[in-house]
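So the structure is just underneath, and the comments pick up after that.
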Amino acid sequence: MLDIKVIREKPDWARRRLADRGAGDEAKIDEVLALDEQRRKLLAEVEALKAQRNRASKEIGALMGQKKLAEAEARKRETREIGDRITALDQQVSGSEQSRDQLLLRIPNLPHESVVTGKSADDNPVIRVWGEQPQFAFKPKSHLELCERLKLVDFARGAKLAGSGFLLYTDRGARLERALIQFLLDLHSTQHGYTEVSPPYLVSRDCMVGVGQFPKFIDQAYAVQEGEDAGTLGKLYLVPTAEAPVANIHRDEILKENQLPLRYCAYSPCFRAEAGAAGVGTRGMIRVHQFDKVELIQIVKPETSYDELEKLAGHAETVLRLLGLSYRVILLCTGEMGFTSAKTYDIEVWAPGQGQYLEVSSCSNCEDYQARRMNLRYKTEAGDNRFPHILNGSGTALARLFVALLEHYQQADGSVVIPAALQPYMKADRIGV
RNA sequence: GGAAGGGUGGCUGAGUGGUCUAAGGCGCCUGACUCGAAAUCAGGAGAUGGGGUAACUCAUCCGCAGGUUCGAUUCCUGUCCCUUCCGCCA
């Protein structure tokens with residue numbers, strides 16, 4: 001969440017940057033400020049009363065020690081009234097504090113100054129393009145057709161098992177998926193300096209709030225319950241990304257400065273309900289309710305976070321370079337950025353069968369927005385507690401990478417060549433007809 | 001799921017209604033001693049929020065949330081987590 005002190009001191013700036021996002025959140029600033037002022041006023045009042053009561057209680061103790069019981073009783077009666085007022089005021093303080101914080105949790109991060117103001121994908125600047133788009137002597141097939149003919153994914157049975165948007169990978173398709181996971185984890189853990197972790201695929205509500213999924217995007221999550229016990233519903237949620245568990249690894253901790261930077265990579269399946277997304281454009285593997293992803297998370301000092309963001313994007317790009325896939329990197333404009341991000345690069349891979357770029361990675365610097373939500377801090381050498389910056393990047397999402405690979409490396413006879421970097425994991429150099 | 005025990009500062013560990021301003025120990029920092037270090041001695045050191053230019057000051061924090069009381073680390077209720085044993089289970 002945003003720092004209430006920043007909102008107090010620079011409300012105009014906050015309003016302007018929120019307006020640039022185009023979601024109307026700037027109106028919440030005045031509301032937050034009003035609640036904050038009310039809270040501080042009530043707090044000053046109740047704390048003065050508490051100081052008064054503390055003094056009185058001490059005196060009563062002394063009177064009782066001196067056996068001045070009648071006097072002590074008299075003091076007790078008057079002090080009891082102070083107690084009643086404290087109880088009432090305390091409730092008001094926590095009331096305005098809760099209202100303020102509920103509002104703060106629904107205000108997105110402020111875009112970094114280097115992010116261009118814009119409304120739609122058309123306003124996203126292309127930062128760089130890499131690789132050649134392959135040319136075919138035949139009409140390239142869509143991944144759907146390739147999957148059917150090579151029996152890599154059984155769409156019909158996936159839907160039978162769990163409904164539309166769920167995939168059943170079969171035989172060489174399942175192996176290719178597994179090969180990609182292995183390849184990505186090996187790459188990032190051995191070449192890019194990330195510590196591999198394997199997190200829970202269910203997380204608490206607090207974790208979801210910590211990374212900014214909740215409260216605003218609760219409709220996009222799958223909530224689980226234990227058996228028929230409805231009382232357990234809402235305690236755990238299927239992870240929408242490994243970011244949810246991994247970024248929260250150190251929640252509520254105070255790290256030592258020399259522990260930073262922390263870099264984690266993790267594989268997880270990702271579950272997204274995406275309410276209302278069913279219908280046209282949801283066929284195939286581009287947009288599904290469950291997909292695999294290897295995620296990169298960094299917890300770094302604020303002064304290095306933007307350098308790290310560039311490197312993080314580079315780590316995701318390395319994946320596509322090693323696989324020989326053409327891609328482009330775009331900078332998301334203010335209107336396109338995710339809720340928690342201050343700056344985001346999207347990496348899009350070229351899918352010849354689709355004739356379009358597919359987003360396979362999103363690399364974001366959330367600055368201290370998430371650290372604040374999860375109360376993660378680090379102690380500087382000077383002894384101050386500060387919020388670290390948290391970055392996340394897909395390294396990369398798999399279903400769409402799978403699509404791009406098939407479409408990119410398809411041959412005239414309908415087979416698919418496996419790029420060299422993947423062959424040791426696939427234990428094959430081609431998927432034959 | 002059942003039973004028992006336990007959650008106190010960086011760690012360990014005392015504290016069963018009022019100097020708890022949380023003992024003691026370990027570790028840490030500063031100073032003294034020393035050429036330097038060790039040992040020893042003296043001192044220091046938590047978090048969050050409010051007020052103040054500042055020195056400083058007030059409040060809150062002993063897993064969490066309530067309750068009793070003038071006053072709660074201490075008593076009561078609920079809840080979460082951990083440990084051990086039993087049951088179930090990949």
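Lettering of chains follows the sequences in order, A, B, ..., and the numbering in each one begins at 1.
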Determine the contact category for [X]: base if any of its heavy atoms lies under 4.0 Å from a base atom, sugar-phosphate if only primed atoms, P, OP1 or OP2 are that close, otherwise nothing.
X	result
A:I60	base
A:R77	nothing
A:S57	base
A:K256	nothing
A:R80	sugar-phosphate
A:R8	sugar-phosphate
A:R55	nothing
A:A51	sugar-phosphate

Checklist entry - How far does the P atom of B:U68 sit from the matching atom of B:A14, given to the nearest Å? => result 32 Å
Checklist outcome for this item: The nucleotide from B:G50, B:A59, B:G46 with an atom nearest the side chain of A:N54 is B:A59
Item to check | Candidate nucleotides B:G49, B:G18, B:G46, ranked by approach to the side chain of A:R39 - the nearest | outcome: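 Within the option list, the nearest is B:G49.
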Next on the checklist: Going by purine N1 to pyrimidine N3 plus the second Watson-Crick contact, or the G-U wobble pair, all under 3.5 Å, which nucleotide sits opposite B:U69?
Outcome noted: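 By the stated definition (distances under 3.5 Å), nothing pairs with B:U69.
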Checklist entry - If you measure from the Lys or Arg side-chain nitrogens to the Asp or Glu carboxylate oxygens, is any gap between A:K50 and A:D90 under 4.0 Å? => result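 Salt bridge flag = yes for A:D90 with A:K50.
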Next on the checklist: With nearest nucleotide decided by heavy atoms, which residue, A:K235 or A:N375, maps closer to the 5′ end of RNA chain B?
Outcome noted: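 The residue closer to the strand's 5' end, by nearest nucleotide, is A:N375.
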Item to check | Closest heavy-atom pair and its distance - A:H112, A:E367 | outcome: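 Closest pair (atom of A:H112, atom of A:E367, distance): CD2-OE2, 3.7 Å.
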Checklist entry - Take atom CZ in A:R157; do more than 12 heavy atoms of anything else shown fall under 6.0 Å from it? => result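 Atom CZ in A:R157 is not crowded, with 12 or fewer foreign heavy atoms closer than 6.0 Å.
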